[in-house]
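Report on the following structure.
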Amino acid sequence: MTSIAIIGAGLAGITLARELRGVAEVTVFEKSRGYGGRMATRHAEPYQFDHGAQFFTARSAEFKQVLQEVQVQSAMVLWEPKIITLQAGQKPFKRDWFEPHYVGVPGMNALCKALAGDCNVQLRSEVSRIMREGAGWRLTGADEFSYGVFDWVISAVPSPQALTLMPADFAFREAMDAVNFSPCFALMLGLSTQPPLNFDAAVVRDSPIGWIAVESSKSGRADAFSLLIHSDNDWAQSHIDSNPEEVTELLISALHEVTGISSKQIEHKVLHRWRYARAESFAGEDYLLDGSNHLAACGDWCQGGRVEDAFLSGARLGLKLKSLLRFSTS
């Protein structure tokens with residue numbers, strides 16, 4: 001049976017692995033200690049934070065169908081927050097969502113865990129190099145540790161990271177290089193008492209902050225009052241290499257300006273930098289498949305940047321690969 005290595009256990013990589021079960025021997029390599037990629041959840045008792053993607057929607061028939069599966073239904077719930085727009089010196093106004101928005105339960109990464117099922121996922125396994133060996137590809141990690149030789153290798157990580165891994169003769173290096181990402185800071189705050197906020201989530205204008213969510217308002221979360229602050233992307237770009245303590249204090253100051261919350265109320269604070277938070281331009285294809293080299297890449301950055309786009313990229317690449325593999329063995 002054909003052996004396939006997938007690099008990245010985010011939604012695109014897990015969806016691809018799920019699609020290929022039964023037609024190939026698939027191993028997913030993930031450098032971090034958990035599933036989800038940017039669908040990330042962090043625990044800091046008694047607090048809990050979805051510090052990457054905050055929610056997801058479903059517009060395509062393919063994604064809607066998968067979300068109806070029993071094991072997936074138990075890993076998600078509808079989120080209906082009171083959501084407003086905030087701007088310093090201006091009266092807040094209510095925003096409306098005109099389609100269902102969902103969150104994973106008990107955290108955003110629950111969706112990837114549910115879809116993974118019995119897929120072979122190797123956590124804390126960072127791939128640092130892909131080298132041609134015979135008709136296949138050898139994957140190596142730190143200190144030249146070998147993960148083995150595979151017939152196919154597929155990258156399911158942000159395109160800038162994929163570019164550092166893919167060999168020079170990968171047919172779509174130029175397409176990947178054209179994709180642009182913007183960064184974001186995620187500030188996780190635990191408060192000693194619940195402030196009198198009139199929202200569960202807020203879009204913030206003309207501020208270093210772009211988004212505020214009351215994490216404890218989401219179903220299945222820890223009860224302790226927690227806030228997730230996402231910075232404005234342009235602001236993050238201009239502060240990407242700033243001292244983390246300085247970034248934290250600037251964001252807390254901006255939070256005080258729009259909500260009145262002071263630093264004295266904060267008993268837990270952690271900053272996370274997402275260097276590749278949001279794709280701003282795309283590859284223009286559902287996936288990038290180099291059949292002659294047995295290499296491919298997928299991810300939300302291929303077509304759109306939403307959570308659902310990651311799923312669609314992985315699912316459609318999986319369908320294409322199944323067709324190729326079945327044809328090659330017939």
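If you read the sequence from its start, that first residue is 1, and numbering goes on from there.
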Completion exercise
Residues F29 and A5: closest non-hydrogen pair is CE1-CB, 3.9 Å

Exercise for the section: Check the angle between the aromatic planes of F55 and W79 and answer parallel, tilted or perpendicular using the 30° and 60° thresholds. Expected result: tilted

Exercise for the section: Considering non-hydrogen atoms only, spot the tightest contact between E133 and V149 and give its length. Expected result: OE2-CG2, 3.7 Å

Exercise for the section: Look at E19 together with K320 and state whether they make a salt bridge at an N to O cut-off of under 4.0 Å. Expected result: no

Exercise for the section: Determine, for R132 against D169, whether the closest basic-nitrogen to carboxylate-oxygen distance falls under 4.0 angstrom. Expected result: no

Handout entry: CG on D118 to CZ on R18, rounded to 0.5 Å
Key = 10.5 Å

Exercise for the section: Indicate yes or no: at least one non-hydrogen side-chain atom of T57 is less than 4.5 angstrom from one of H101. Expected result: yes

Handout entry: Heavy-atom check, side chain of Q122 versus side chain of N120, under 4.5 Å
Key = yes

Practice task
With the side chain counted from C-beta on, respond yes when I4 and D151 share a heavy-atom pair under 4.5 Å apart, and no when they do not.
Solution key: no

Practice task
If the plane angle is over 60° it's perpendicular, under 30° parallel, otherwise tilted; pick one for H294 and W152.
Solution key: parallel

Completion exercise
Closest non-hydrogen contact found for M188 with H272 is CE-CB, 3.8 Å

Problem - N-O pairing of D232 and R205 below 4.0 Å - result: no

Exercise for the section: Answer yes when R306 and E99 have at least one side-chain N-carboxylate O distance shorter than 4.0 Å, and no when they do not. Expected result: no

Handout entry: Centroid-centroid distance, W274 to H51, less than 6.0 Å
Key = yes

